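None of these values were measured; they are calculated from a predicted model. Quick note on labels: first sequence line is chain A, next is B, and so on, each numbered from 1.
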2 protein chains.
Amino acid sequence: MATLKQVAAHAEVSVQTVSNALNAPHRLRADTLERVNRSIELLNYRPNRNARSLRTSAVELIGYCVPSWPNHTHLVMDQFLHALCAAAERTGRHILLFTAPGGVDGMPTYDDLHARRMVDGFVLSQTETHDPRHGWLKEQDIPFVSFGRVWKQTTQPGPWVDVDGAAGSAMAVRHLHESGRRRIAFLGWPKLSGLGEDRLGGWRDACKDLGLPTTGLTVRCREDSIEEGARATARMLDTGRTVDGIVALSDILALGALRELTRRGLTPGHDVGVTGFDDSPLAEVVSPGLTSLRQPMDQIAEELITILTGTVNGSPVERLLRPELVIRGSSAPG
Amino acid sequence: MATLKQVAAHAEVSVQTVSNALNAPHRLRADTLERVNRSIELLNYRPNRNARSLRTSAVELIGYCVPSWPNHTHLVMDQFLHALCAAAERTGRHILLFTAPGGVDGMPTYDDLHARRMVDGFVLSQTETHDPRHGWLKEQDIPFVSFGRVWKQTTQPGPWVDVDGAAGSAMAVRHLHESGRRRIAFLGWPKLSGLGEDRLGGWRDACKDLGLPTTGLTVRCREDSIEEGARATARMLDTGRTVDGIVALSDILALGALRELTRRGLTPGHDVGVTGFDDSPLAEVVSPGLTSLRQPMDQIAEELITILTGTVNGSPVERLLRPELVIRGSSAPG
DNA sequence: GCGGATGTTTTTAACGTTCAAAACGTCCGT
DNA sequence: ACGGACGTTTTGAACGTTAAAAACATCCGC
């Protein structure tokens, strides 16, 4: 494997000149630059990243902790990772994966990776209510950016990018309203997660804005499963109240709703409009297709990387992005 | 951030002694070792990985190319990544993610990562028929290991780990047979993918072994979607032949089968036993739960890392692992 | 008390790059 | 012809670690 030294010898210049040819080509005289470049090409030279990192103390790697999977099913994680990777690469960086225990127990792992100079900073996701990581990293002066706000916290401890769940629900409500739905229910989650409340709030506000009823139209599911989504839908329908639209907190719950509706002889899309959240691969693959709120992964990733690698100015950057309503058969005009 | 030099000064030994305390503690006298360790602890010293890598020319990073998602939905990718990461960490290594164009166009990316010393080697997955990557990497003498065999190739160009799809199908068939099923259909894929043929073959052989019929019991779906699974199931049932068991090539197709059966007033598990493949998060979350063949991700990851990081002896290592049948309601005894 | 074996520690020299400063050339105004 | 300004190239040192060899210490047998 060729080194700067060998290229320098071949091009009959000093080592530093070759380095400059790569990092500051404007400093070289045109003919020298060309000669050096020819040698670089000829010897198939590729800079050794470790040597570079040692000297500059920047590794161009970004740490990302792979969520341990049993808690929630991350149906869109692969999309996120792909987008994140691609965004990082556009700036010459890469993603380093690692695992860590949840909560504060995981902090030594983050610290270690940073202290050993294996990463420049972190992208956090799967943010939880009162997530301790953000505050801890801030305190240690370790660069990071969060995909997702830390809920139930007055001020955010660092820069973040998030998707506006409230706006998403509102979009779903307005969409259903436009296709003639007047009694739109919300299928939510058990524990009052910040994310859940955000989306719930958007539904409530949009309904009020449009003069639609909300009382008795909220159901909470015990867990994020198709079965629970179906049961909750059944409970809702069993109250005897009319429902012609359902905004579900997740695609999985929405699938449950679709199933229960079908079971009762109702046609999703025709009799009841249903929407989900996250536009997981499932939404496209079921029939009727599930209308869902797609997170703009590419933009999210781009912002995350830009913020993390950008100049660390004083005030933390905050970006709230709008999801995109992907309309499919489950919400066809009734 | 403390360096070896500072620790050495603090412990009043030479730099090399501190290095030895970490890498070859047996060389130190007990009391020296303890003194050095105290200094290390006190100064919270963490070795700089870049310096180490520069000297030893081993980065302890393994490259993994994130599949671009639109081709197939990777419902178990997060499980795989988590397992791979965990296995790598058990050997002090980490996973570096990157993106690359498919096929031979991606090779420069692999080459570059290796040439710049950003990774020691690669784990390949999403192996395709006649995948060019393996042969190319072998030719360049770049270490790699493949999750998945290269199909339609007489000899494998390198070490691999794979799950025995044929054995999996056979397990499913035997399981259905044990619960009284006698006419077991196979729901397959469109294009004759190696993986598809492998699983199909296992079904056929097992049926023959058990004296079960196979003629007219194979259906091929055009794509991997719930809708197509349902349509194919409908086609199969419409032929008039009795079917009391369905072995599907994927969970998604199996879900389609479940839906079509339900639509026709048949009870999956009771009237027809259904099994899927890969035990994706969906299998657990639908109702009835879908019996599926779980890939032993932890073991797969462990083997991949062991092979990749192990001594490169002459003959390539090959490991064919058995999937595990996870039994749920969809195949309850009829 | 000496040669040798063994155990422990230090010295020297890299690994491949970039930073900072110095050196060298060339051109210009005076 | 001289000093300065600028553009280009080289020199020297450093980043933090480990490999290899050298140095030093200790113990043993004779």
key: Qualifying residue for ring pair (Phe, Tyr, Trp, His ring centres under 6.0 Å) with B:Tyr64, from B:Phe144, B:Phe80, B:Phe98, B:Phe147   = B:Phe80
ask   = Can B:Asp112 and B:Arg116 be counted as an ion pair, charged N to O under 4.0 angstrom?
value = yes
task = Indicate yes or no for a side-chain donor-acceptor contact from A:Thr17 to the backbone of A:Val13 under 3.5 Å, with no hydrogens or angles considered.
result = no
query = Rounded to the Å, how far apart are B:Glu12 CD and C:dT9 P?
reply = 13 Å
query = What does B:Ser57 touch in the nucleic acid at a heavy-atom separation under 4.0 angstrom: a base, only the sugar-phosphate, or nothing?
reply = nothing
inquiry  = Students often get this wrong, so: under 4.0 angstrom with heavy atoms, is B:Thr17 touching a base, only sugar-phosphate, or nothing?
reply    = base
Nearest-neighbour nucleotide for the A:Ser19 side chain, C:dT18, D:dG16, C:dG16 considered = C:dT18
request  = Measure from CG on B:Leu28 to P on C:dT10 and round the result to the nearest Å.
outcome  = 10 Å
task = Would you kindly give the CG-to-P distance between A:Leu54 and D:dT18, to the nearest whole Å?
result = 12 Å
note = When A:Gln16 and A:His26 are each assigned the nearest nucleotide of DNA chain D, the 5'-most assignment goes to A:His26
query = Closer to the 5' end of DNA chain C via nearest nucleotide, is it B:Ser14 or B:Ala51?
reply = B:Ser14
query = Between D:dT17, C:dT17, C:dT9, which nucleotide has the shortest distance from any of its atoms to the side chain of B:Leu4?
reply = D:dT17
query = Can you tell me how far C1' of D:dT26 sits from CZ of B:Arg29, to the nearest Å?
reply = 10 Å
Nearest-nucleotide comparison on DNA chain C, the residue closer to the 5′ end among B:Arg27 and B:Arg55 = B:Arg27
inquiry  = Could you check whether any side-chain N or O of A:Thr99 sits under 3.5 Å from a backbone N or O of B:Cys85, counting only pairs where one atom can act as donor and the other as acceptor?
reply    = no
query = When the distance from CG of B:Asn20 to C1' of D:dA20 is rounded to whole Å, what number comes out?
reply = 12 Å
inquiry  = Categorize B:Ser53 for me: base, sugar-phosphate, or nothing, with a 4.0 angstrom heavy-atom threshold over every strand shown.
reply    = nothing
task = Provide, to the nearest angstrom, the distance between the NZ atom belonging to B:Lys5 and the P atom belonging to C:dT10.
result = 16 Å
query = Just how far, in rounded Å, is C1' of D:dG16 from CE of A:Met118?
reply = 15 Å
request  = In whole angstrom, give the distance that lies between atom CG of A:Asn23 and atom P of C:dC19.
outcome  = 7 Å
key: Closest to the A:Arg52 side chain, choosing from C:dT17, D:dT18, D:dT9   = C:dT17
inquiry  = Students often mix this up, so state it plainly: with edges at 30° and 60°, are the rings of B:Phe122 and B:Tyr110 parallel, tilted or perpendicular?
reply    = tilted
task = Return no unless some side-chain N or O of B:Thr32 is found under 4.0 Å from OP1 or OP2 of C:dT8.
result = no
